[in-house]
2 protein chains.
Amino acid sequence: MQKDEIIAIISDSVLLQGLPSEECKAFVEAGQMRCVAENCYLFHQEDPADACYFVLAGKVRLTQLTPGGKQVLVDIISPKRYFGLFASLASMTYLVSAETIEESYIYWWDAESVRELMLRFPQMALNSMTLIVRRFARLQDRVQKLATERVEQRVAHALLDVSRFVGKEIENGTMIDMALSHRDLAEMAGTNIYSISRVLHKWEDDDIVTIGRQRILLCDPDHLRILAEGG
Amino acid sequence: MQKDEIIAIISDSVLLQGLPSEECKAFVEAGQMRCVAENCYLFHQEDPADACYFVLAGKVRLTQLTPGGKQVLVDIISPKRYFGLFASLASMTYLVSAETIEESYIYWWDAESVRELMLRFPQMALNSMTLIVRRFARLQDRVQKLATERVEQRVAHALLDVSRFVGKEIENGTMIDMALSHRDLAEMAGTNIYSISRVLHKWEDDDIVTIGRQRILLCDPDHLRILAEGG
DNA sequence: ATGCCAATTTGCAGTAGCGCAAAGACAGTT
DNA sequence: AACTGTCTTTGCGCTACTGCAAATTGGCAT
């Protein structure tokens, strides 16, 4: 990938909206690119946040370890998105672990440098505020769901969340083509594998989903959305 | 309240840590004070965020309404804390509604002014980043609790959370001296008023708490902590 | 094929917690 | 003191959900 191209891509990212091009250039030049093989960890939850990252190509999985010792999927970062940014800015530890799903081209900055740049270019700080508030809103949404919704609704939401990250639209629905065990779903929805099994089975009878090996087909995502909203 | 006093209090707040006193003064002077009667809404969820607030005295309840019409109590803001700050910085809509619990002295700023000040004093931007990331981590913690804990544990956590901010240590325990209805506790712990009533009654029998009018005495906070951890 | 391990399914019994209804307590108002 | 509205308590039936046990399936290595 050419340097000019990289500058163009990163300058166009949410974090640099509204910044003059010299500042964008300075920001990009403070970082560097790295090619990472698949299934490699870039950082682990609880590590001190010493770098922040931007995906040029590839995909990165963000997971969180629950007290029960299970890894739950928090987000999948596709090209043109940042990760590890907030923890770096706040000089904290990472809240999640990050692992490549496929070979990826990652651009990265030293946390200290990013903080300095942010002091020099405060518009960046406001932009990152927008980013983090959006993430915050999503998390608060999750609290709400856990506190007020029933198991079936929560499972529906969990499936829709995953499909947002990795779902592919095909002619007869949305395909989730990844290893997603009942245990994973149970962790996400705050329930247990038995309830997951029962709910999925019921949905298969109603032709809402089809369970295959290593993949789930949402035949009727709209029906699922209705279930998620409590209809 | 004297102006000097207000400047001293706000300068000492988390948001202004590390800023020179002239900048603190400029920040305070961009805002203004307002006395708000009890049970008054300062803003509503989904409204465009046009102001941010700081509690000088009193208490404010932040709640979120679900599509299904259920309320979740997100936080209780006690003196020396900000609210509505993140939504203002990100130029979004408020994520919650804010209502005074008792007569309160509120200092407030126009969202636009705060954004301008933040561009002038970038250290503020980094500070607010630290604030929001910390809130984020706490919220993530809450997700875990809601997903895995039982009602009694969740209520224990809710009470301990409140006491952390508004509790006063006295000779025979920790006093929570505020109007905290069963409804509030229910909305915090993700349950209903009946269960709250039963749990509190049980705890009173076990001499863990004493319920008085407009106040709750935690006679045995350690016992409560054990209950919260699932002992 | 065969056997092995892990994931999934299903019956079933137990329980936590929900939420209605109705009674009771309490504060504020007239 | 009587009235009013709000908050709290408590009995009770009921549902959703849990979690064990045991059966079943499916992938994978030999």
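Here the structure is a predicted model, which means the values were calculated and not measured. A note on names: the letters A, B, ... follow the listed sequences, proteins ahead of strands, and every chain is numbered from 1. The figures here come from the full heavy-atom set of this structure, side chains too, leaving out hydrogens, waters and symmetry mates.
Rounded to an integer number of Å, the gap from B:E149 CD to C:dA16 P is 16 Å. If you take CD1 of A:I193 and P of C:dT10, they are 13 Å apart, rounded to a whole angstrom. Rounded to whole Å, the distance from NZ on A:K202 to P on C:dG11 is 16 Å. In this structure, CG of A:L180 is placed 9 Å from P of C:dT8, rounded to the nearest angstrom. The separation between B:N192 atom CG and D:dT8 atom C1' is 13 Å, rounded to whole Å. We find that CG of B:N39 is positioned 12 Å from P of D:dT6, with the value rounded to whole Å. At whole-Å resolution of the value, CD in A:Q214 and P in C:dA7 are 11 Å apart. Distance CH2 (A:W203) to P (C:dT9): 13 Å, rounded to an integer number of Å.
The phosphate of C:dT9 (OP1 or OP2) has a side-chain N or O of A:H182 nearer than 4.0 angstrom. For A:H201 and C:dT8, the shortest distance from a side-chain N or O to OP1 or OP2 is not below 4.0 Å.
A donor-acceptor contact under 3.5 angstrom links the side chains of A:N192 and A:S195, judged on distance only. At a cut-off of 3.5 Å, with distance as the only test, no side-chain donor of A:R154 or A:T191 sits close to an acceptor on the other residue.
Considering only the side chain of B:R198, D:dG11 comes nearest among D:dG11, C:dT10, D:dG19. Closest contact between the side chain of A:S195 and the listed nucleotides D:dT10, C:dG19, D:dC17 involves D:dC17. Checking D:dT9, C:dT9, D:dT18 against every side-chain atom of A:Y194, the shortest atom distance belongs to C:dT9. The side chain of B:S197 lies closest to D:dT10, out of C:dT8, D:dT10, C:dG19. Closest to the side chain of B:V151, out of D:dT18, C:dG17, C:dG19, is C:dG17.
Taking the six-membered ring where the residue is Trp, B:F27 and B:Y82 present tilted rings, their angle falling between 30° and 60°. Between A:Y53 and A:F83, the ring-plane angle classifies as parallel under the 30° and 60° cut-offs.
Mapping A:R150 and A:R213 onto DNA chain D by nearest heavy atom places A:R150 at the nucleotide closer to the 5' end.
Closest heavy-atom contact between B:L218 and B:S163: CD1-CB, 3.8 Å.
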